[in-house]
Amino acid sequence: MDGKQPSKLSRREMLKLTALTGTSVALGGLGAFTLLKPESNAPNDAKNEGIKKTEKSIPFYGKHQAGIATPQQPFAYVAALDLTTSRRSDVMKLFRDWTSLSFVLTKGEPINTKQDNKYLPPIDTGEALDFSSSRLTITFGFGPSFFMKDGVDRYGLAKHQPKHLKTLPPFANEELHPDQSNGDLCIQVCAENQQVAFHAIRNLTRNALGLATVRWMQHGFLGMKEGATPRNLFGFKDGTANIDTGKEAELDRVVWAGEDEPEWMNGGSYMVYRKIKMFLEIWDRSSLQDQEDTFGRHKYSGAPYGRANEFDAVDMSAQPDNSHVRLAKGTGQEIVRRAYSYTGELDTKTGYSDAGLLFISYQQNPYKQLVPMLKILGQKDKMNEYTKTVASALFAMPGGCAQGQYIAQALFES
Amino acid sequence: MKRIFLITTIACTFLFAAGCSSNTSNGADAANSEKQTVQEVAQENGISSEMKTSVDELNQLIDKLEQAVSTNEMDNVKKQGKEMNSYWLTFENGVRTEFPFEYTEIEKHLQPIYIEAVKEQPNTENMKKEIPLLKTALTELASAKKGTNKASEQLQKAAGEYKTYVLEQSKDLVAATTAFTDAVIKGDMQAAKELYPKARVFYERIEPIAESFGDLDPSIDARENDAEDLAKWGGFHRIEKALWIEKKLDGQADVAKQLMKDVNQLDGLIQNVQLTPEQIVAGSMELLNEAGISKITGEEERYSRLDLVDLAANVEGSKAVYLTVKSALVSSHSDLTEKLDKEFEEFEIALNQYREGDSFIAYDKLDEKQIREMSQKLTSLSQTMSQIANVL
């Protein structure tokens with residue numbers, strides 16, 4: 001080019017450069033989907049105030065992300081996304097936008113209903129406009145492939161990969177579908193109203209278009225009754241042994257990341273997701289005795305074998321060999337479970353239902369607290385006759401953020 | 001004198017775009033004689049002397065390319081084409097920001113030349129047609145004044161330019177359909193099969209316009225399940241079925257004659273159609289929605305499996321709208337145009353993997369993953385395109 005030095009990098013050159021080095025180059029953002037200013041904290045319209053009830057909303061900002069220690073809501077969507085952009089600045093921008101969007105959504109406010117240009121699509125898709133926040137929580141996480149994919153440190157952040165964020169090892173009794181497992185990013189949305197939950201995940205994923213694609217999305221539900229442990233689709237109480245999530249000291253011990261983690265994980269946790277298919281037709285023709293032996297609990301009362309009440313301490317001597325309770329309890333580890341049930345389409349080949357459990361747990365160290373449990377359950381659990389794990393993922397969930405900051409800011413700006 | 005010159009070059013492009021090709025050589029001559037006047041024009045609100053140097057340099061590279069084209073040295077065509085493009089990349093950013101209107105004109109002609117030059121076998125006829133237009137566009141840049149084109153004027157111009165595009169496509173549609181229906185009437189299966197996709201392209205690029213004329217689109221483009229009365233089902237897809245499934249053309253001559261009549265009628269209606277900026281922007285979205293609903297799913301060309309031909313044509317038609325409104329969009333939404341340039345390019349790269357000769361591989365040769373990849377790129381592109389209404 002006759003020795004002429006380009007005075008500025010062109011767009012295409014800049015793209016190439018960033019793709020190669022993974023450095024972040026501020027390009028002024030991708031304004032097309034900028035929804036609102038990061039600090040938009042405007043009070044509701046007078047009109048909205050009458051309709052919207054925000055008193056039940058769960059604060060989005062805080063030391064920890066909501067949706068982990070939060071008492072479980074009955075509906076959930078979990079989605080994993082794969083990033084298609086190679087620029088760290090794009091991902092930063094995405095988290096900035098997601099943070100401000102999540103703040104508005106969890107308050108139960110419309111995203112933006114003032115629109116002068118009617119030729120543009122509506123900014124808020126609208127299906128949640130008539131509902132309150134419905135105790136909506138939105139929780140974000142990072143998978144191992146966010147940091148390293150195909151041996152490449154994609155965003156120059158591999159040095160900040162959390163200690164225990166490594167793809168889970170294979171376990172017995174699993175047959176994983178790769179396209180329903182893992183992923184670069186995770187969003188967990190929970191609410192008391194399914195439509196509110198769907199609205200949130202829909203608008204969040206829409207906001208990521210062009211930067212990330214949805215790898216998988218799974219809905220979950222949980223029949224809840226005040227003061228009662230919810231039951232799974234096998235009809236047994238599920239979550240009896242959970243720790244008291246109201247006690248911060250318990251959470252510090254079991255859930256929140258340790259001090260030896262990178263700074264951005266301060267106040268964060270690890271989420272394990274296991275999609276466990278239940279063979280309901282087979283379960284339903286098993287005797288009550290068989291079913292109870294499988295769990296090591298009585299179906300109706302929820303009491304462990306040899307005891308009268310649900311919350312009585314487990315008597316290991318009364319537990320059948322290889323019962324679920326015996327094996328899980330035997331590891332001596334604790335976790336916070338936030339499991340949901342799921343149902344899908346009928347299997348057209350067999351006529352079986354597709355249903356099961358979304359095992360979701362939060363813990364400080366999945367390799368210490370959960371992997372041994374999964375290993376032994378995979379090998380020995382009597383329940384394996386009726387289940388198969390079909391999808392799996394591990395995500396690092398960063399700590400929460402204060403208003404004016406955004407989720408995982410300490411990671412991106414480290 | 002300079003002022004007058006400026007006006008005539010712009011008018012020339014207008015006229016040329018409308019089919020007044022005799023002005024081509026004037027444009028080229030003007031570009032050659034322009035080198036002297038560039039310096040004088042480059043004052044006040046005009047282009048900087050640095051940009052002027054770049055324009056001169058680019059003009060020289062284009063001259064070299066033109067030389068290679070005229071002597072048919074293909075290796076050199078490729079080399080010079082690449083050099084021209086690389087050089088343009090070194091200063092296009094500045095042009096885009098300061099002279100969006102002129103920038104669009106340059107891109108409109110430079111890109112086709114470049115794309116042709118780097119092909120395995122460049123079509124030099126296309127290049128010979130585009131090179132003088134590119135030079136004219138550069139001449140316009142050399143004499144441009146900042147901020148002389150307001151958004152509303154640009155939009156009106158965009159609508160006019162798009163009308164020109166529609167007229168061209170319609171004209172080509174008539175020609176290609178004539179060849180296709182002639183083959184059908186003659187009962188020449190092989191020729192008809194080859195000519196079918198060539199006609200489809202022009203229709204799919206401007207489909208929303210045809211759809212705006214009530215019964216014409218159903219008559220030309222109905223699929224089997226769209227037909228109310230199968231006995232009366234006609235149009236492209238009826239013949240498609242005869243060619244690829246029934247493998248005989250018995251009784252198709254009448255269908256072909258009716259199709260030709262419909263396409264001619266469409267062409268007549270298009271001559272007088274008035275297009276507003278709102279309509280063309282909506283049309284660009286309709287095209288992408290068509291692509292996303294019936295093309296990427298393989299429903300449109302279910303017998304010939306030429307869905308990718310239609311898919312490409314829908315996106316090309318949508319891009320034509322984008323390119324005409326780009327200059328109005330770029331001043332206030334350069335982030336958006338930048339994103340769209342990138343996403344169109346990415347989609348084209350994804351689609352081009354499946355090119356085969358001057359067509360595409362059959363839809364049923366694609367696996368689910370390949371379709372998903374294209375579909376996701378198309379979804380991102382469409383979502384971003386929905387924002388071009390910001391220009392209105």
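Proteins get letters first, then strands, A, B, ... in listed order; numbering begins at 1 in each.
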Are more than 12 heavy atoms, taken from residues, nucleotides or ligands other than [X], located less than 6.0 Å from that residue's [atom1] atom?
{"X": "A:K388", "atom1": "NZ", "result": "no"}
{"X": "B:Y354", "atom1": "OH", "result": "yes"}
{"X": "B:K82", "atom1": "NZ", "result": "no"}

Determine the minimum heavy-atom distance between [X] and [Y], stating which atoms define it.
{"X": "A:T213", "Y": "B:Q376", "value": "CB-NE2, 3.3 Å"}
{"X": "B:S386", "Y": "A:L120", "value": "O-CD2, 3.6 Å"}
{"X": "A:N117", "Y": "B:N390", "value": "ND2-CA, 3.9 Å"}

Who pairs with A:F142 by ring-ring contact (aromatic ring centres under 6.0 Å, His included), at least two apart in sequence or on another chain?
-> A:F95, A:F146, A:W264
Enter the distance from B:K369:NZ to A:D179:CG here, rounded to the nearest 0.5 Å.
-> 9.5 Å
Please examine the side chains of B:Q383 and A:P121, heavy atoms only from C-beta on, and report whether any two atoms are closer than 4.5 Å.
->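 Result no, sub-4.5 Å side-chain heavy-atom pair not found.
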Please name all residues satisfying side chain to side chain contact (heavy atoms under 4.5 Å, CB included) with A:Q409, sequence neighbours left out, ordered by chain then number.
-> A:Q405, A:Y406, A:E413
